[in-house]
Amino acid sequence: AQSVTQLDSHVSVSEGTPVLLRCNYSSSYSPSLFWYVQHPNKGLQLLLKYTSAATLVKGINGFEAEFKKSETSFHLTKPSAHMSDAAEYFCVLNTNAGKSTFGDGTTLTVKP
Amino acid sequence: DTGVTQSPTHLIKTRGQQVTLRCSPISGHKSVSWYQQVLGQGPQFIFQYYEKEERGRGNFPDRFSARQFPNYSSELNVNALLLGDSALYLCASSFAGLAGTETQYFGPGTRLLVL
């Protein structure tokens with residue numbers, strides 16, 4: 001069985017401060033991991049994905065994530081938050097079994 | 001390029017009715033997946049279709065069914081609607097299915113309200 005746990009349902013940061021959104025996974029197969037962002041009334045947009053080529057993955061809008069197999073984690077970070085980063089973020093696990101599992105999401109609030 | 005399109009955008013049904021939702025993938029993509037997103041939760045995987053065959057199924061009752069057409073568009077059908085089926089239904093397309101690092105591209109969704 002596979003599962004994804006996003007450890008924080010809400011994260012609040014001040015503009016210009018670092019962002020950390022935490023994701024742990026469980027998979028019997030070699031995992032493929034993704035982070036998506038969902039702005040209100042907009043579709044899901046891919047931020048980045050882990051391809052096993054490198055454990056540190058860089059995505060769009062200054063986001064990056066580090067795959068740590070020993071910790072079964074794939075945390076999303078950004079050095080400096082911007083107001084436009086306020087949204088819902090989802091960690092996603094795909095396996096070769098043809099299924100895709102989303103975490104419950106983390107709502108990021110950015111205070112001015 | 002046109003992204004993933006879904007129709008209708010909004011739908012209101014009553015309990016016991018049946019509903020059909022439609023999805024057109026990005027041109028060249030051969031796989032379509034369907035998700036249910038209940039308010040406040042992450043999307044839940046319903047089905048994946050690749051080359052017109054079902055490749056994956058989530059934990060949904062048999063009231064949910066889908067199919068993929070030769071042009072790779074897809075329909076999701078839900079019979080005997082329940083209040084709990086009220087949700088945003090998302091369609092995603094990818095070139096070769098959900099294996100490995102294949103990226104899914106999501107449509108805007110169909111918001112279904114069951115009264």
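Just so we're clear, the structure is a prediction, and the values are computed from it rather than from any experiment. To find a chain, count down the sequence lines: A is the first, B the second, and so on, and within it residues start at 1.
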**OP:** Find the one option among A:Phe102, A:Tyr50, A:Tyr36 whose heavy-atom pairs under 4.5 Å with chain B are most numerous.
**Re:** A:Phe102
Original post:
Is there a path of hydrophobic side-chain contacts, each under 4.5 Å between heavy atoms of I, L, V, M, F, W or Y residues, that connects A:Leu7 with A:Leu76?
Top reply: no
**OP:** Identify the residues of residues 58-69 of chain A whose heavy atoms come closer than 4.5 Å to a heavy atom of chain B, ordered by number, or report 'none'.
**Re:** none
Original post:
Would a 4.5 Å heavy-atom cut-off, applied to side chains only, mark B:Thr103 and A:Lys49 as touching?
Top reply: yes
Original post:
Are B:Val114 and B:Trp34 connected, step by step, through hydrophobic side chains (Ile, Leu, Val, Met, Phe, Trp, Tyr) whose heavy atoms are closer than 4.5 Å?
Top reply: yes
Original post:
According to a 4.5 Å side-chain heavy-atom criterion applied to Ile, Leu, Val, Met, Phe, Trp and Tyr, with indirect links allowed, do A:Trp35 and A:Leu108 form part of one hydrophobic cluster?
Top reply: yes
Subject >> Beyond-backbone contact of B:Phe45 with A:Thr101, side-chain heavy atoms, under 4.5 angstrom >> reply: no
Original post:
Roughly how far, to the nearest 0.5 Å, is CG of A:Asp104 from CD of B:Gln44?
Top reply: 7.5 Å
Original post:
Are A:Leu44 and B:Tyr35 close enough that some pair of their side-chain heavy atoms sits under 4.5 Å apart?
Top reply: no
Subject >> For the student: nearest non-hydrogen atoms of B:Leu88 and A:Gln38, plus distance >> reply: CD2-NE2, 4.4 Å
Original post:
So with a 6.0 Å cut-off around CG of B:Asp62, is the heavy-atom count from everything else above 12?
Top reply: no
**OP:** Might you confirm whether atom NZ of B:Lys52 has over 12 heavy atoms from other residues, nucleotides or ligands at distances under 6.0 Å?
**Re:** yes
**OP:** Kindly work out whether a path of hydrophobic side-chain contacts (I/L/V/M/F/W/Y, heavy atoms less than 4.5 Å apart) joins B:Leu11 to B:Leu83.
**Re:** yes
Original post:
Between A:Phe90 and B:Gln37, is any pair of side-chain heavy atoms under 4.5 Å apart?
Top reply: yes
**OP:** State plainly whether one hydrophobic cluster holds both A:Val92 and A:Leu33, where clusters connect Ile, Leu, Val, Met, Phe, Trp and Tyr through side-chain heavy atoms under 4.5 angstrom apart.
**Re:** no
**OP:** Evaluate whether atom CZ of B:Arg15 has more than 12 neighbouring non-hydrogen atoms of other residues, nucleotides or ligands under 6.0 angstrom away.
**Re:** no
Original post:
Are A:Ser100 and B:Gln104 side-chain neighbours, meaning at least one heavy-atom pair lies under 4.5 Å?
Top reply: yes
Subject >> Partner chain A: residue of B:Ala92, B:Pro43, B:Gly42 with the largest heavy-atom pair count (under 4.5 Å) >> reply: B:Pro43
